[in-house]
Amino acid sequence: MKRFSRHFILAAALALVSAAHSYACTNVIVTRGASADGSCMVSYSADSHNLYGELYFHPAQDWKVGDPVLIHDWDSGKFLGKIRQVAHTYQTVGNINEHQLIIAETTFGGREELVNPDGIMDYGSLIYTTLQRARTAREAIRTIDALLQEYGYPSEGESFSIADKDEAWIMEIIGKGTLEKGAVWVAIRIPDGCVCAHANQSRIHHFPLNDPENCLYSKDVISFARKAGYFSGKDEEFSFCDTYCPADFSGLRACEARAWAALRLLGGANFDADKYLDFAMGHNAANKMPLYVKAAKPVTVADLANVMRDHFEGTALDFSEDMGAGPSRLPYRWRPMSFKLDGQTYVMERSIATQQTGFWFVAQSRGWLPDEVGSLIWFGVDDAATCPLTPIYANINSVPKCFQEGNGSMLEYSPTSAFWLINRVTHFAYLFYDRVAPEIRSNIDALQGENEKLLAEQDAKMARLIASGNRGAAITAMTDFCRNRSEVMFNKWNDLGNYLLVKYMDGNVKRQNEDGSFKDNGNGANIPASPIHPEFRERWLRGIVNDHGDVIRQVEPKR
């Protein structure tokens, strides 16, 4: 059974509404004109405390038309029903297919009564079934709609990022509960040169009603709202998000705040972050952010990956400096995400980067290359802030071992699994974050640069093979390349984990020579030189004194 993030609408985690067992994800969409290389890009973090990080692989295959396809809920594994098979399905690796179509998601929940328990096509099945059946973003939207209307939709409200070689869209859907079969939806094309982000809160507000080049929607998206008693104004006044997912404090603070962070980082001067800070903080729901903004500069893969590593650094929401960050400025808060004290509820911040990520990626649709070469996913597992990305072509013959399905699980450690290795190194970083994380980041940046250089060479080689008719040789070569890069990553991270343990064991910092080797005490006995003990930050020390100073204050004894 494969499990997908159920997205943690932080309303539940913040204990501000009734418990809903869901998890939180983040998507960022970069259009072709906004990217540095002319690719359409989508980033995605699948964040769940129960999700195991592995790379899903479905080879292309021919079928007998009409044969039954068994659909199981991607979260629980529950059998939902059967749909009809098509004649041919395309190969998918993760959330991209062989034709460079990318689909990712975040769940916004919305009106609880609109979940239809009798539906068959849950959001995860929609994604992977559509990737197997569609070539372009518009075809994907049509496919999703057809599946929804024929088979029904049992999931909560969902935002999809959908991109191909030319276009990038955000599509939002929500079911009709037990009132009707199917779902209502709207899809907006992100203008070329712009970026968009969504993170578990419906983001589509008003939309054009007669612009099919840039906006598509179900014919009853407004009329159903009228019938259900959600909306009574003029059609042009209709707001999808206000109608189907009215924002509350948690929807803004725990969800829209992450979209705010992404737009701030990529939009620069084109996005007035201060203007929308009260919206991101959950104080002013009426001050809606724009759905998309023009990119401040051409966005690279590394730029987008770094957005996924954000902890609100340098903003009012930065939580690496308060008392909760401890002595090492840890930008994480363990669950639960809220607490009550003296009758007041307080919340912990939820940034884009988070500890409970199962897998994450930056997917690229690179239209100037043949589909075999242009379809690429940069894949990682666990916390994005301390995880490198590995380039994986979507047309490989097999997935590298360290990312393969079944190589370990959340309840079974595997020494050959990237998920367990990255977790082991990252957990060590959480102990001494301000010391260890910069070293991990330096290794991430170095490996990213190395991968980008080698990938450019490999792209050119593969394109030549495809052009000369040697597709089989190209597929074999790209499979070998991806396996090699994953093995390099795995070995580097294993060595890095060993190095960090030796250097920072027990809270000490071992001294090093200019070449990086560890200093001994000068007697040649493998005994280290006297270690460094970095001073703790003043704010944390003052907190200890305020809490416990009367007990730990040094005083001279009476004589």
Side-chain angles (χ1 to χ4, degrees), residues 2 4 39-42 44 46 54-65 67 69-71 74 83-105 124-140 142-144 147 160-166 359 361-367 369-379 390-407 455 458-459 461-463 465-467 469-486:
K2 308 179 184 74
F4 278 76
S39 64
C40 285
M41 294 190 285
V42 173
Y44 175 43
E54 52 194 352
L55 185 55
Y56 309 115
F57 177 62
H58 300 280
Q61 193 167 342
D62 293 323
W63 306 88
K64 181 180 179 181
V65 176
D67 274 358
V69 179
L70 305 184
I71 300 297
W74 286 98
I83 67 172
R84 291 186 297 277
Q85 186 58 277
V86 295
H88 179 79
T89 54
Y90 306 129
Q91 175 161 310
T92 66
V93 173
N95 288 56
I96 190 169
N97 75 10
E98 63 180 284
H99 297 294
Q100 308 200 46
L101 175 65
I102 307 164
I103 307 178
E105 54 76 33
S125 300
L126 277 175
I127 290 175
Y128 289 90
T129 301
T130 300
L131 282 171
Q132 291 178 332
R133 298 183 178 194
R135 290 172 175 257
T136 69
R138 289 176 187 264
E139 186 179 348
R142 292 193 297 270
T143 300
I144 290 171
L147 290 168
F160 287 149
S161 298
I162 307 175
D164 60 25
K165 292 174 281 190
D166 300 308
F359 65 82
F361 63 73
V362 173
Q364 287 188 281
S365 186
R366 305 180 297 168
L369 290 166
D371 281 351
E372 291 89 345
V373 184
S375 191
L376 185 76
I377 184 169
W378 296 80
F379 188 75
T390 300
I392 306 290
Y393 289 105
N395 282 280
I396 54 177
N397 286 327
S398 62
V399 169
K401 182 176 182 178
C402 68
F403 296 131
Q404 280 181 4
E405 296 175 78
N407 185 5
L455 180 69
Q458 188 72 14
D459 284 343
K461 177 182 177 182
M462 296 301 95
L465 285 172
I466 296 295
N470 293 319
R471 186 180 187 278
I475 299 300
T476 298
M478 66 176 60
T479 302
D480 291 342
F481 173 81
C482 296
R483 181 176 62 249
N484 171 264
R485 297 319 301 164
S486 67

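- Nearest heavy atoms, A137 versus D164: N-OD2, 2.9 Å.
- A104 approaches V42 most closely through the heavy-atom pair CB-CG1, 3.9 Å.
- Side-chain atoms of Q91 do not come within 3.5 Å of backbone N or O of N397 as any donor-acceptor pair.
- Taking the side chain as every heavy atom from C-beta outward, C482 and T390 never approach each other to under 4.5 Å.
- By the ring pair (Phe, Tyr, Trp, His ring centres under 6.0 Å) test, F403 is found to be paired with F379, residues two or more places apart in sequence or in another chain being considered.
- Here the side chain of T476 pairs no donor or acceptor atom with the backbone of A473 at under 3.5 angstrom.
- Contact annotation: the side chain of L126 approaches that of F160 to within less than 4.5 Å [non-hydrogen atoms, C-beta and beyond].
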Check the pair I103 / N95 against side-chain contact (heavy atoms from CB on, under 4.5 Å), numbers first and verdict last. CA-CA 6 Å; I103 307 178; N95 288 56; 5.5 Å; no
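- Among all heavy-atom pairs drawn from E98 and Y90, the shortest one is OE2-CA, 3.2 Å.
- One distance of note links CD1 of I96 with OH of Y44; it measures 15.0 Å at 0.5 Å rounding.
- Between the side chain of N407 and the main chain of K401, a donor-acceptor pair closer than 3.5 Å is present.
- Closest approach of R133 to Q85, counting heavy atoms only: NH2-OE1, 3.5 Å.
- Between the side chain of E372 and the backbone N or O of N395 there is no donor-acceptor pair closer than 3.5 Å.
- Ring orientation note: the planes of F481 and Y393 are tilted relative to one another, at an angle of 30° to 60°.
- Not a single donor-acceptor pair under 3.5 Å links the side chain of Q132 to the backbone N or O of T92.
- The distance from atom OG1 of T129 to atom CD1 of I83, rounded to the nearest 0.5 Å, is 4.5 Å.
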I'd like to know whether I127 forms a side-chain contact (heavy atoms from CB on, under 4.5 Å) with E105, so could you lay out the CA-CA distance, the side-chain angles of the two residues, the decisive distance to 0.1 Å, and finally the verdict. CA-CA 8 Å; I127 290 175; E105 54 76 33; 3.3 Å; yes
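- Summarising the geometry of M41 relative to Q364, their closest heavy-atom pair is CG-CG, 3.7 Å, with the distance given to 0.1 Å.
- Annotation: side-chain contact (heavy atoms from CB on, under 4.5 Å) contacts of A467 (sequence neighbours excluded): none.
- Taking every heavy atom of both residues into account, T143 and A134 meet most closely at OG1-CB, 4.0 Å.
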Worked check of side-chain contact (heavy atoms from CB on, under 4.5 Å) between T89 and W63: CA-CA 8 Å; T89 54; W63 306 88; 2.9 Å; yes
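- With a 4.5 Å cut-off on side-chain heavy atoms, I392 and F57 do not count as touching.
- Residues passing the side-chain contact (heavy atoms from CB on, under 4.5 Å) test with D371, sequence neighbours excluded: H99, Q100, K165.
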Step-by-step side-chain contact (heavy atoms from CB on, under 4.5 Å) determination, R366 to D459: CA-CA 11 Å; R366 305 180 297 168; D459 284 343; 2.6 Å; yes
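- In this structure, H88 contributes its side chain and Q61 its backbone to a donor-acceptor pair below 3.5 Å.
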